[in-house]
J.: 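Take this structure first; my questions come after.
The figures here come from the full heavy-atom set of this structure, side chains too, leaving out hydrogens, waters and symmetry mates.
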Amino acid sequence: MAAAGEGTPSSRGPRRDPPRRPPRNGYGVYVYPNSFFRYEGEWKAGRKHGHGKLLFKDGSYYEGAFVDGEITGEGRRHWAWSGDTFSGQFVLGEPQGYGVMEYKAGGCYEGEVSHGMREGHGFLVDRDGQVYQGSFHDNKRHGPGQMLFQNGDKYDGDWVRDRRQGHGVLRCADGSTYKGQWHSDVFSGLGSMAHCSGVTYYGLWINGHPAEQATRIVILGPEVMEVAQGSPFSVNVQLLQDHGEIAKSESGRVLQISAGVRYVQLSAYSEVNFFKVDRDNQETLIQTPFGFECIPYPVSSPAAGVPGPRAAKGGAEADVPLPRGDLELHLGALHGQEDTPGGLLARGHAPHCPGACQRVEQGCAEFTDVLLGPPPPGYHPFLFLDSLHKAGGRSRGGLHPRGTPPTAQEPPGGSRPEGRATEEQAAAAHLGEYVLMIRDVTTPPFLGRRLPPAFKHLRVVAKRAGQPPHVLEEGPEASSSWQAAHSCTPEPPAPR
């Protein structure tokens, strides 16, 4: 039997090898006691020194230069928790100097870094493909820099903590340009904009909006403008701000003039001039602020070189060619048209714009030689004058006692003027009440908004002897010169 105290191999405890020490010099592999780090590479005096690879248990790693046991020099670091990778210069384990950071979420940065953050000058591409080149501070765009946005806009100017602030120039993909002051990423302070529609604005901006922007259109003149039959006249327009001042800081809006004639549902016994409108030429009624409705009526402005009505269908909604040039941009702006200028041109359509257009200059515009033309095709006038009542021996309102629909009639012999006067009257608007309308047809709308239309009550009166060609009269004495109101009514429905 074995002596007491002698133990067998099975009774002894497990052998424990002493912890391995790091290699002294040369190449070696060392696993740290906590097993989180593993180093493979060069050693010098028991320290990591030279080229090596430090692996982390979570999957992160660093591969590159080591100096006296520290990560220092050129190398590549990957962070498993974020998926980001940096290749470049390191000091004491942190990215420091110059390098390239690749982001797992998309994008990359190339430039100067300090303590692992973007600092100094660099080039950044974000996950959306937007590109920034300029100064950084504390990992943010800060200082002068240029940026190309995803939508094609380009900015060149000052930045403060990732926001455009200071002075800068924005060139938009649609051709618009803003130059001026910024604050918190929006236009703020003095600045100028040249919009792609041709509108320009120079002045104060507040929170991204012009402080002196036009908000409404005003047609100058008396409450009721009176013009002599067949005579051209001028229409002056102003763009006003909210507080009533002229928007002199703004130019380039495109305004279009159109007209309408008062619409009244008249009976067969009416004694006023009116129009019977063909069924094929029925128009949508236009609401006015004067307590009555109107239907489109042709108007022209020879200075603009474009008549108002279509040959087959008259009215403010007719399409007429614009002069070649800047105004070709505004063809798709009216009456809910969805076509863009580029789309129409691509399909071979010539640019068109209803009526005559003028551009605003420093908040003002003028339409010269405006003329209301004769009734368009499909508008058939009826005359119910006192002379017809007297000739027929009927009392007032007794032209059609049986209620039959009226038919076109000529005045009795000798009542129609002859010669030049007859031709002028035939080519002119009939006496009566009309409406002028000025619409903002700027395309595309300036800053996404068009101004509401403006209306002016217009009355056509008989021309007096010796009266100047341009007449804008006001008052009851002027209204006494016309004998009958001028209105329109559609063709009555056919009996079933």
Side-chain angles (χ1 to χ4, degrees), residues 36-37 48 51-173 178-189 191 208:
F36 189 79
F37 300 101
K48 301 182 291 293
H51 187 272
K53 185 174 184 178
L54 183 63
L55 302 170
F56 301 77
K57 196 171 184 178
D58 66 353
S60 304
Y61 69 87
Y62 167 81
E63 183 174 7
F66 289 82
V67 175
D68 291 331
E70 299 290 346
I71 297 174
T72 298
E74 292 285 340
R76 177 180 177 87
R77 174 74 192 271
H78 174 76
W79 291 268
W81 63 272
S82 66
D84 300 340
T85 303
F86 178 80
S87 301
Q89 298 172 333
F90 289 81
V91 174
L92 299 178
E94 290 185 323
Q96 182 86 15
Y98 190 90
V100 176
M101 179 73 81
E102 300 173 74
Y103 301 100
K104 180 182 179 180
C108 64
Y109 169 79
E110 180 177 356
E112 298 174 319
V113 293
S114 178
H115 300 289
M117 294 191 293
R118 300 185 290 265
E119 186 78 24
H121 189 273
F123 184 89
L124 175 66
V125 180
D126 66 18
R127 69 179 71 183
D128 298 320
Q130 302 181 126
V131 180
Y132 172 84
Q133 183 174 8
S135 296
F136 288 86
H137 175 65
D138 199 22
N139 223 37
K140 299 181 182 296
R141 294 164 291 187
H142 191 89
Q146 301 174 343
M147 185 158 184
L148 175 61
F149 293 88
Q150 186 179 24
N151 63 358
D153 294 353
K154 299 177 182 178
Y155 173 79
D156 185 358
D158 299 327
W159 295 77
V160 174
R161 300 187 63 81
D162 262 351
R163 293 178 177 269
R164 291 167 286 185
Q165 189 157 315
H167 185 274
V169 178
L170 177 67
R171 293 178 173 85
C172 300
Y178 172 83
K179 298 180 181 180
Q181 298 297 312
W182 294 72
H183 189 273
S184 298
D185 234 17
V186 297
F187 312 145
S188 188

J.: Give the C-alpha distance, both sets of side-chain angles, the deciding distance and a yes or no for side-chain contact (heavy atoms from CB on, under 4.5 Å) between Glu63 and His51.
T.: CA-CA 8 Å; Glu63 183 174 7; His51 187 272; 3.9 Å; yes
J.: Quick check: closest heavy atoms across Ala65 and Gly73, and the distance to 0.1 Å?
T.: CB-CA, 4.1 Å
J.: Taking the side chain as every heavy atom from C-beta outward, state whether Leu124 and Tyr103 have any pair of such atoms under 4.5 Å apart.
T.: yes
J.: Any non-hydrogen side-chain atom of Asp138 less than 4.5 Å from a side-chain atom of Arg161?
T.: yes
J.: For Gly143 and Ser135, which heavy atoms make the closest approach, and how far apart are they?
T.: CA-CB, 4.1 Å
J.: Quick one: closest heavy-atom pair of Ala80 and Ser60, and the distance?
T.: N-OG, 2.8 Å
J.: I'd like to know if the side chain of Thr72 reaches the main chain of Leu92, judged simply by a donor and an acceptor atom lying under 3.5 Å from each other, with no hydrogens or angles considered.
T.: yes
J.: Could you check whether any side-chain heavy atom of Phe56 comes within less than 4.5 Å of a side-chain heavy atom of Phe37, counting everything from C-beta outward?
T.: yes
J.: Would you mind telling me which of Arg118, Glu119, His142 makes a side chain to side chain donor-acceptor pair (under 3.5 Å) with His137?
T.: Glu119
J.: Among His121, Gln89, Glu110, which residue meets the side chain to side chain donor-acceptor pair (under 3.5 Å) test with Tyr98?
T.: Glu110
J.: Write down the atom of Phe66, the atom of Lys48, and the distance for their closest heavy-atom approach.
T.: CB-O, 3.7 Å
J.: For Asp128 and Gln130, indicate whether the former's side chain and the latter's backbone hold a donor-acceptor pair under 3.5 Å.
T.: no
J.: Yes or no on side-chain hydrogen bond (donor to acceptor under 3.5 Å, both in side chains) for His167 and Gln181, after CA distance, side-chain angles and deciding distance?
T.: CA-CA 5 Å; His167 185 274; Gln181 298 297 312; 4.8 Å; no
J.: Quick one: OH on Tyr62 to CZ on Arg77, what's the gap to the nearest 0.5 Å?
T.: 10.0 Å
J.: Which class fits the ring pair Phe187 and Tyr178: parallel under 30°, tilted 30 to 60°, perpendicular over 60°?
T.: parallel
J.: With side chains defined as the heavy atoms from C-beta onward, is the minimum distance between Gln96 and Ser114 less than 4.5 Å?
T.: yes
J.: Quick one: are Lys53 and Tyr61 in side-chain contact, heavy atoms under 4.5 Å?
T.: yes
J.: Please check if the side chain of Asp158 supplies one atom and the backbone of Pro144 the other of a donor-acceptor pair under 3.5 Å.
T.: no
J.: Has Arg164 got its NZ or CZ under 6.0 Å from the middle of the six-membered ring of Tyr132, at an angle within 45 degrees of the ring axis?
T.: no
J.: Rounded to the nearest 0.5 Å, what separates atom CZ in Phe149 from atom CG in Leu170?
T.: 7.0 Å
J.: How close do Ala173 and Asp153 get, heavy atom to heavy atom, and via which atoms?
T.: N-OD1, 2.8 Å
J.: Looking at CH2 of Trp79 and NZ of Lys104, how far apart are the two atoms once the value is rounded to the nearest 0.5 Å?
T.: 14.5 Å
J.: To the nearest 0.5 Å, tell me how far Phe36 CZ sits from Leu55 CG.
T.: 11.0 Å
J.: Would you say the side chain of Arg141 lies within less than 4.5 Å of the side chain of Phe136, judging by non-hydrogen atoms?
T.: yes
J.: Say you draw a straight line from CZ of Phe123 to CD of Gln146; how long is it, rounded to the nearest 0.5 Å?
T.: 10.5 Å
J.: Is His78 reaching over with its side chain to a backbone N or O of Thr85, donor-acceptor style, under 3.5 angstrom?
T.: no
J.: Under 3.5 Å, is there a donor-acceptor pair between the side chain of Glu102 and the main chain of Cys108?
T.: no
